[in-house]
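One-based numbering along the sequence shown.
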Amino acid sequence: MKIINALVRLAASEVLCLFINITFAASDSNFMRVICLICTVLIMIFVLSDFSVRSAKEDIKASRVNTGEMIKAGFAVSLALTASYVLLVISVKSGDFDYYRWHELLNAPFLQFYNLINSNAASSALKGSELAVMLLPIPVPAVSVIVPYYAVCGRSRDR
C-alpha cells in the first residue's frame with residue numbers, strides 16, 4: 001500500500017511541477033530556470049518527504065515499523081525516472097524515435113535541469129556527456145522517501 005501511496009504522491013508533485021514549469025516557460029533566462037528548478041525539485045522532495053514522515057509516525061504509533069516496505073516505495077518512485085532515462089538513451093543511440101521532449105515532460109521536477117543541460121528538444125542533439133549528467137536526478141525521489149522515514153523512526157527509537 002505504501003508503494004501506491006508514494007506513486008500517487010509522486011504523480012501529484014509531477015502535476016504541480018508541470019504547472020509551475022509551464023508558467024515560467026516564457027522566460028529564456030538561465031536565472032529564472034535555476035529558480036524554477038529549485039522550486040520544482042523542492043516541491044517534489046517536500047511532497048514525498050511529507051508522505052514518508054506521516055507513514056513513519058503512523059507506523060510508530062501502530063508499533064509496526066517496516067523499513068523494507070518504505071525502501072521498496074523509495075525504489076518504486078525512482079523506477080519511473082529510471083525507465084524514462086533508459087528510453088531516452090535508447091532514443092539517442094538508435095535515432096529511431098525522438099523521446100527527449102517526452103522525457104522532460106514526464107520528469108517535470110527536473111525539466112529545467114534538462115533545459116540547462118541542453119535546451120534543444122531533439123534526442124539527436126544530446127551528447128554522451130549530457131546523458132551522463134542526466135543520471136544525477138534519478139536517486140532524488142528515492143532519497144526523499146527513504147531518508148525521512150529512517151530519520152523519524154530512528155529518532156523515536158532513541159527516546
Side-chain angles (χ1 to χ4, degrees), residues 2-57 70-152 154:
K2 288 185 193 244
I3 294 173
I4 293 170
N5 287 337
L7 291 172
V8 167
R9 293 285 185 111
L10 178 65
S13 72
E14 291 276 341
V15 169
L16 184 57
C17 291
L18 193 57
F19 174 75
I20 290 169
N21 280 315
I22 290 171
T23 303
F24 290 103
S27 175
D28 271 345
S29 165
N30 281 341
F31 176 73
M32 287 303 290
R33 284 182 177 171
V34 169
I35 297 298
C36 188
L37 171 66
I38 291 168
C39 290
T40 56
V41 170
L42 286 176
I43 286 170
M44 182 200 61
I45 289 171
F46 290 152
V47 168
L48 292 176
S49 295
D50 177 64
F51 157 73
S52 186
V53 168
R54 287 176 191 250
S55 293
K57 287 179 180 177
M70 195 52 79
I71 289 173
K72 290 177 190 172
F75 283 117
V77 293
S78 282
L79 185 62
L81 214 62
T82 305
S84 183
Y85 179 78
V86 168
L87 283 173
L88 179 64
V89 170
I90 292 169
S91 169
V92 169
K93 299 296 181 188
S94 72
D96 292 339
F97 62 103
D98 195 16
Y99 182 72
Y100 184 45
R101 70 186 85 229
W102 291 104
H103 179 72
E104 289 180 315
L105 291 175
L106 293 173
N107 301 298
F110 305 105
L111 188 141
Q112 295 303 331
F113 176 71
Y114 300 133
N115 280 337
L116 287 169
I117 293 171
N118 189 334
S119 60
N120 191 333
S123 295
S124 59
L126 294 173
K127 300 176 189 133
S129 59
E130 292 170 338
L131 279 174
V133 172
M134 289 181 184
L135 278 169
L136 293 175
I138 290 176
V140 174
V143 170
S144 301
V145 170
I146 296 168
V147 170
Y149 188 84
Y150 274 99
V152 171

Next item on the list: Determine the sole option in Asn107, Leu88, Leu126 for which the side chain to side chain contact (heavy atoms under 4.5 Å, CB included) test with Tyr114 is passed.
Entry: Asn107
Next item on the list: For residues Asp50 and Arg9, report the shortest heavy-atom separation together with the two atoms involved.
Entry: OD2-NH1, 3.0 Å
Item checked: Beyond-backbone contact of Val41 with Phe113, side-chain heavy atoms, under 4.5 angstrom -> no
Checklist line | Minimum-distance pair of heavy atoms, taken over all atoms of Trp102 and Asp98 | finding: CD1-O, 4.1 Å
Margin query: Rounded to the nearest 0.5 Å, what separates atom SG in Cys17 from atom CD1 in Ile22?
Written below: 11.5 Å
Margin query: Let's go through Met134 and Phe110 carefully: what are the C-alpha distance in whole Å and the side-chain angles of both, what is the deciding distance for side chain to side chain contact (heavy atoms under 4.5 Å, CB included) to 0.1 Å, and is it a yes or a no?
Written below: CA-CA 9 Å; Met134 289 181 184; Phe110 305 105; over 6 Å; no
Notebook entry, point to check: Which atoms form the tightest heavy-atom contact between Val92 and Ser123, and what is the distance?
Noted result: CG2-O, 3.4 Å
Notebook entry, point to check: Can you list every side chain to side chain donor-acceptor pair (under 3.5 Å) pair that touches residues 126-142, not counting sequence neighbours?
Noted result: Asn118-Glu130
Check: Would a 4.5 Å heavy-atom cut-off, applied to side chains only, mark Val145 and Met70 as touching?
Finding: yes
Next item on the list: Would you please test Leu18 and Leu105 for side chain to side chain contact (heavy atoms under 4.5 Å, CB included) and show each step?
Entry: CA-CA 7 Å; Leu18 193 57; Leu105 291 175; 3.8 Å; yes
Item checked: Taking every non-hydrogen atom, the tightest pair across Leu37 and Pro109 -> CD1-O, 3.7 Å
Check: Taking all atoms of both residues into account, what is the closest heavy-atom pair of Ile45 and Ser144, and its distance?
Finding: CG1-OG, 3.4 Å
Notebook entry, point to check: Is any side-chain heavy atom of Asp96 less than 4.5 Å from a side-chain heavy atom of Ser91?
Noted result: no
Check: To the nearest 0.5 Å, what is the distance between CG (Asn21) and CG (Leu111)?
Finding: 4.5 Å
Item checked: Side-chain H-bond candidate by donor/acceptor type, Tyr100 with Ser124, under 3.5 Å -> no
Next item on the list: Indicate yes or no: at least one non-hydrogen side-chain atom of Met44 is less than 4.5 angstrom from one of Val140.
Entry: yes
Note to self: Can a donor-acceptor pair be found, under 3.5 Å and without considering hydrogens, that links the side chain of Ser78 to the backbone of Phe75?
What the structure shows: no
Next item on the list: State, with a plain yes or no, whether a side-chain heavy atom of Phe51 is found less than 4.5 Å away from one of Pro148.
Entry: no
Item checked: Intermediate values then yes/no, side chain to side chain contact (heavy atoms under 4.5 Å, CB included), Gln112 and Thr40 -> CA-CA 9 Å; Gln112 295 303 331; Thr40 56; 5.6 Å; no
Next item on the list: Return the minimal non-hydrogen interatomic distance between Ser119 and Arg33, and the atom names on each side.
Entry: CB-NH1, 4.1 Å
Check: Is there a donor-acceptor pair under 3.5 Å between the side chain of Ser13 and the backbone N or O of Leu10?
Finding: yes
Item checked: Sole candidate of Tyr99, Phe97, Tyr85 that passes side chain to side chain contact (heavy atoms under 4.5 Å, CB included) when paired with Ile90 -> Phe97
Notebook entry, point to check: Taking the side chain as C-beta and beyond, is there a heavy-atom pair between Ile71 and Tyr150 under 4.5 Å?
Noted result: yes
Notebook entry, point to check: Can you tell me how far CG of Asn5 sits from CG of Leu48, rounded to the nearest 0.5 angstrom?
Noted result: 11.5 Å
Check: Does any non-hydrogen side-chain atom of Ser52 lie less than 4.5 Å from one of Ile146?
Finding: no
Notebook entry, point to check: Lys2 and Tyr149: side chain to side chain contact (heavy atoms under 4.5 Å, CB included), yes or no, with the steps?
Noted result: CA-CA 12 Å; Lys2 288 185 193 244; Tyr149 188 84; 4.3 Å; yes
